[in-house]
Amino acid sequence: MIRVLIERWLIPGMDEQFRVAMRGMRQDALHAAGYISGETLRDVAVSEHYVVISTWRAKRDWDAWAVSAARETARECIRPMLAAEERTTILEPA
């Protein structure tokens, strides 16, 4: 099992549009092989900073989702809302 941490920094004022787009992306991920769970969190100190934490059965499952057409379509939707490139970290149990 792995966890994927994705950090995103939004352009101010894009919160609601971003939340709607993230709900759609999560709905698509629910159907991806190996997807277990996910949540989206907002930084209490910097409201434009969001963190997505998802759990996957194996890295190969994440890798397949990461390059899927469904994820790329969703990323194209949120890309104009971002103030900086998203940062992805893949984590495994220690």
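Just so it is clear, the values below take in all heavy atoms, side chains as well, and ignore hydrogens, waters and symmetry mates.
- By the 6.0 Å contact criterion, CD on Glu92 is open, its count of non-hydrogen atoms from other residues, nucleotides or ligands being 12 or less.
- The distance from the CE atom of Met25 to the CG atom of Leu30 is 12.5 Å, given to the nearest 0.5 Å.
- Lys59 and Ile2 make their closest contact through CA-CD1, 3.7 Å (heavy atoms, listed as atom of the first residue, atom of the second, distance).
- Here Arg19 pairs with Asp15, Glu16, Arg23, Arg42, Tyr50 under the side chain to side chain contact (heavy atoms under 4.5 Å, CB included) rule; sequence neighbours left out.
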Review item, side-chain donor-acceptor pairs of residues 80-88, under 3.5 Å, at least two apart:
unit_1	atom_1	unit_2	atom_2	d
Glu86	OE1	Arg8	NE	2.7
Glu86	OE1	Arg8	NH2	3.0
Glu86	OE2	Arg71	NH2	3.4
Glu86	OE2	Arg75	NE	3.2
Glu86	OE2	Arg75	NH2	3.3
Arg87	NE	Glu7	OE2	3.1
Arg87	NH2	Glu7	OE2	2.5

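- In terms of hydrophobic clustering, with Ile, Leu, Val, Met, Phe, Trp and Tyr side chains grouped at heavy-atom distances under 4.5 Å, Ile36 and Leu91 are assigned to different clusters.
- Under the 4.5 Å side-chain heavy-atom criterion for ILVMFWY residues, a single connected hydrophobic cluster contains both Leu5 and Leu41.
- No chain of hydrophobic side-chain contacts below 4.5 Å, direct or via other Ile, Leu, Val, Met, Phe, Trp or Tyr residues, connects Ile78 to Ile53.
- Put simply, the side chain of Val52 does not reach to within 4.5 Å of the side chain of Glu39, judged on heavy atoms.
- Val51 and Ile90 fall into different hydrophobic clusters, where Ile, Leu, Val, Met, Phe, Trp and Tyr side chains are chained together by heavy-atom contacts under 4.5 Å.
- Taking every heavy atom of both residues into account, Ala33 and Asp61 meet most closely at O-CB, 3.3 Å.
- In this pair, Trp9 and His49 present their aromatic rings parallel. The plane angle is below 30°, not in the 30 to 60° band.
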Stepwise side-chain hydrogen bond (donor to acceptor under 3.5 Å, both in side chains) test for Thr40 and Arg26: CA-CA 9 Å; Thr40 301; Arg26 174 130 328 107; 3.1 Å; yes

Check against ring-ring contact (aromatic ring centres under 6.0 Å, His included), Tyr35 and Trp65: CA-CA 9 Å; Tyr35 178 83; Trp65 167 249; 7.8 Å; no

